[in-house]
Every structure is written in C-alpha cells, then in structure tokens.
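Structure first, commentary second.
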Protein chains: 2
Amino acid sequence: MSIEIKISPNEGLYLKEPQDSKLGINIIKYSILMIDEYGFESFTFKKLAKEINSTEASIYRYFENKHLLLLFLVNWYWEWVSYLIEINTRNINDPRNKLRIIIHSFVSASKDNPGIVYVNESKLHNIVISEGMKAYHTKEVDKENSKGFFKSYKDLARSVSDVISEINPNFKYPFTLATNLFEMSNNQIFFAKHLPRLTDISGDTGEVNEVEEMLNYFVEKLLE
Amino acid sequence: MSIEIKISPNEGLYLKEPQDSKLGINIIKYSILMIDEYGFESFTFKKLAKEINSTEASIYRYFENKHLLLLFLVNWYWEWVSYLIEINTRNINDPRNKLRIIIHSFVSASKDNPGIVYVNESKLHNIVISEGMKAYHTKEVDKENSKGFFKSYKDLARSVSDVISEINPNFKYPFTLATNLFEMSNNQIFFAKHLPRLTDISGDTGEVNEVEEMLNYFVEKLLE
DNA sequence: TTTTAAATAATAGTATTACTATCACATAAA
DNA sequence: TTTATGTGATAGTAATACTATTATTTAAAA
C-alpha cells in the first residue's frame, strides 16, 4: 500500500491537467530536468518535445506557453512546501518551535523528502532558487494575480505570518518577514553558489544548513 | 558652470562606450523608458531602433545583446547609488547614522536627486525593482562574474557591510544583511505594487517611506 | 466487440526575434 | 584632403513562439 498525494496548482495555469496523463507527466518531469540543466531562457517546447519524443503542438495542448509552465512548477513547489509545513508542524503548539520547523521545512525541503515520483524536488528547488522570481516579475503580473495564479504563495505567506504574529503580536511586519524568509533564503543560496562576495554563507558545510541557522538567528533577533 | 558626473560601468559590458555619442546616449535614454513601459521580455533592439530613428544593426555596435544592455543599466544604477552614498555620508562618523543615510540614499534615490540628463533615475529604479534580478539570474552568471560584470554590486555590498560591521563587530552576517537590504527593499516595493498580500507595506503613504522605516527597524533590531 | 470519442503524432506554415554581413554615405580628426 | 570612424540602409539567416490541419493511435462507451 502507498499513500498518494496529489498537488494541484490553480486550474487556470494549464489548458489540460498534466498530472492525469502520460504525456502531461513527462512534460512536468522533463521540463524540471531541462530548465534546471539549461536555464529557463534557453529552454523551449521544441527541445522538450524532442527529449520526450513528442511534438511541440502536443505540449501546447497542456500549457499556453513556457512562462505558464514555469508558473505551474513554481506553484507546485509552493503547494508542496505548504504541505510539508502542515504535516511537520501538526501537533506542535509552541509558535517559536513551529517557525523553526517551518524554516527547516522549506530550506531542507528538497533534501529529506520522498515526494512524488515524477517530480525531482531537489531540482525543482534549484529552479525556484534560480528562476523562481521570473514567474512573477513580468508585465502580466497584475492580470495573472487577478486570476489567482499566485494564491499558493499568498496562502503560504499568510500561514507563516500567522505564526510570526503568534510569537510576537506587536511585530509590525509579519508578511514582509514571512516572504523575506523565502526570498532571502533563495537569494543567499544563489549568491553562495554564484556570487559569493554578496553573502556570508560559505557553502562549505553545505549552504543549506548555514542558511537555516542564519534564518533562525534573524527571526530570533527580530521577534524577541 | 555645472559639474559633470560620469558613471562608468565595467568596459566589458559594451562594445563601444555609449555615453560618448549621440546614438549611444539615445540607446541608454530610450531603453530605460521602453523597458520601464513594456517590460524587459517584450523590449527588442528593433523596437528601440524604430523609436530612436536608427537601425538594429547600429544598436548592435554598442551592445552585444539586450541582456548585456540590461546588465549595463543595472550596473549604472549600482554605481549611481554608490556615488550617492559616498557624497551623502561624507563627514559622517557615527556608523548608525551612516547606515540610516545609506538606506535613505538607495530607497529614495530616485525621488530627490538631480542626476544625469539622459538617465531617468526614477524609471531606472523601477527597472531595477522589476527586472533587476534578471541581470544575474542566468546560466551565464559565473562566466560574467569572472569578467567582473558584477563588481559594482559587490563593491556596494562591501561598503555597506563595512558600516554594518562597524556598528556591531560581532554580527555574523554583514554581507547578507547588506544585500538583503537591497533585495528586500526592491522586493517589498514590487509586492506593494503588484502582490500586496505578500507584504505589510501598504503603498498608501508612498511605499518608499514605509520601506525606509521598515528597513531601519530591521537593522536596529538585528544590530542592537 | 464494435463504434465512437479523445489524445497524440506528423507535418506545415507564419510572424517575430536575435542576430550577422555588406555597402554606401556622412562627418570629423589627421 | 586623405583617411578613419560612425551611422544608416538593406538583406539575409537560424531559431523561437506559436497556430492549423490531418492522420493515427488509444481508450472508453455502447
């Protein structure tokens, strides 16, 4: 017996649910591998089609364009992190403890989790670090936001901000701190890998542990 | 009499110094206006050429491609912020005071500064907020970093981190805090404008002042 | 088991993007 | 006044980002 989890981002992101067919699952699986390997700009539906022995036109039946595919993947990641946070903090009452677990959940998410067969969570995390912000830094952000394409991230931010407010109800910036934990974590991991002069994270001991420690330190200082 | 400032990003970013000719200056001026208005992805050299009554081929004599043009603009911005910080903190000795001025300098940079005629600093700031991270979130970041294309940002981060270390020599993350001040500022301004559920910045009183206050609050808490 | 519907593959085609190359002309420095 | 140098005009190419059409396979319904 195995328990199946299905993570379902907003329906408007795709033309046809990719997680329900062989081809759709291949699109998800190999787009993650290819975006991670070659980067988002040089990733194309044509190359993906070739990789999975399909055609461009077939992929276009699932996703309108590669931007929406990226947004789908990033949403999938946010949903997955939300799921991890939920199960990891279940039955934990102390909010400080909760926030520590939250931080561990998203920083180490890719390291110590089984997950879903067709999603390489570790590579998806790399994509979120390297390309994630491109999912919302576009001229269409307002239109897409009104369609609910960022709901997953907003829900996640809200649940983290609730914990922050529980720790210190007088703290004026719970949402900012919540989103900044995510953005800062991704940024500093990226810097440690590519622009080390911009960070104190060395990457030697495994940047992930260092980042986790750092985020906990920041949180402690800010909420004391 | 007027004093002329010339801001000069790394030479490798362009094929021919754009600030030395009419056409080059037009490229800078109108690329800022057009990227701000239409966004980076739908900005092309062809459209720019049309706008300034020149040709694609002529623009390519200045910049290899639009990515390097963006990197040039972002570098220009960093150099400009560095310059502002330098003149604004001159003769200030107290490092806490210095850091406040630094924060004011880059958050309000575009608001209260004369600057250089062919650069609309306010719109350039918008570009840095909306598109800036695309300048380094690419697969070529390591190669470009080795050519010194990010030196301006690194120097800026170093000078801010020095002030942070002066305030509290025991603080373990001066570089991380320095870069996070920039990234967080840009991010939260972007969120306030487009994804308000992700931030506590309202944008009502002018998000810039709110952000400045918030950054000062964070710094105070973290360095006390 | 056959009919029918749905999904995919194969192929072709278009507009735009991201360039490169060549040549002619204007302008300005030697 | 020669000679660079910069710019414009024009053309062309390969790749990208799609759309459309038809044929074929696969799966569900009768």
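We name chains A, B, ... by the order of the sequence lines, and we start the count at 1 in each one.
A:Y173 and B:F218 have tilted rings, their planes meeting at an angle from 30° to 60° on a 0 to 90° scale. A tilted orientation is assigned to the rings of A:F106 and A:F182, their planes being inclined by 30° to 60°. Ring geometry for A:Y136 versus B:F190: interplanar angle of 30 to 60°, hence tilted. Aromatic ring pairs are classed by plane angle as parallel below 30°, tilted from 30° to 60° and perpendicular above 60°; the pair B:H125 and B:Y77 is parallel.
The distance between atom NZ of A:K66 and atom P of D:dA15, rounded to the nearest whole Å, is 15 Å. Per the geometry, NZ belonging to A:K50 stands 22 Å off P belonging to C:dT8, to the nearest Å. Protein atom CD1 of B:I59 is 12 Å distant from nucleotide atom C1' of C:dA18, rounded to whole Å. Going from atom NZ of A:K22 over to atom P of D:dT25 covers 17 Å, rounded to whole Å. As a whole-Å value, the separation of B:F63 CZ from C:dT20 P is 15 Å. Protein atom CG of A:D20 is 15 Å distant from nucleotide atom C1' of D:dA28, rounded to whole Å. Atom-to-atom, CD1 of A:I25 to C1' of C:dT8 comes out at 15 Å; the value is rounded to the nearest Å. Atom CG of A:L68 and atom C1' of D:dC18 are 14 Å apart (whole Å).
Considering only residues two or more places apart in sequence or on other chains, B:E183 meets the salt bridge (charged side-chain N to carboxylate O under 4.0 Å, His left out) condition with none of them. Judged as a ring-ring contact (aromatic ring centres under 6.0 Å, His included), and not counting sequence neighbours, A:F40 has no contacts.
The structure places CZ of A:F63 at 8.0 Å from CG of A:L13, a figure rounded to the nearest 0.5 Å. Rounded to the nearest 0.5 angstrom, B:L69 CG and B:L48 CG are separated by 7.5 Å.
Donor-acceptor pairing under 3.5 Å is recorded for the side chains of A:S202 and A:E210. Residues A:E121 and A:W76 bring no donor and acceptor atom of their side chains to less than 3.5 Å of each other.
Judged by the 6.0 Å distance and 45° axis criteria, B:K29 is not positioned over the aromatic ring of B:Y118.
Checking C:dT8, D:dT7, D:dA17 against every side-chain atom of A:Y62, the shortest atom distance belongs to C:dT8. Side chain of B:K16, nearest nucleotide from C:dA18, D:dT7, D:dC18: D:dT7.
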Using atom names, set out every protein N or O paired with an N or O of nucleotides 8-12 of chain D below 3.5 Å, distance rounded to 0.1 Å.
{"residue": "D:dG8", "atom": "OP2", "partner": "B:S54", "partner atom": "OG", "Å": "2.5"}
{"residue": "D:dG8", "atom": "OP2", "partner": "B:S58", "partner atom": "OG", "Å": "3.3"}
{"residue": "D:dG8", "atom": "O6", "partner": "B:R61", "partner atom": "NH2", "Å": "2.9"}

Review item, nucleotides 25-30 of chain C N/O atoms under 3.5 Å of protein N/O:
none

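If one axis is set at each end of the helix from C:dT1-D:dA30 to C:dA30-D:dT1 from five pairs, those axes are 20° apart, to 10°.
For the pair A:N126 and A:E37, the minimum side-chain heavy-atom distance is 4.5 Å or more. A:I25 is not listed as a side-chain neighbour of A:P18, based on a closest heavy-atom distance of 4.5 Å or more. Within the 4.5 Å cutoff, side-chain heavy atoms of A:K6 are placed close to those of A:E17.
Mapped onto DNA chain D by nearest heavy atom, B:G24 and A:E64 fall at different nucleotides, with B:G24 at the one closer to the 5' end.
Contacts between residues 26-47 of chain A and DNA chain D, defined by a heavy-atom separation under 4.0 Å, are made by A:T44, A:K47.
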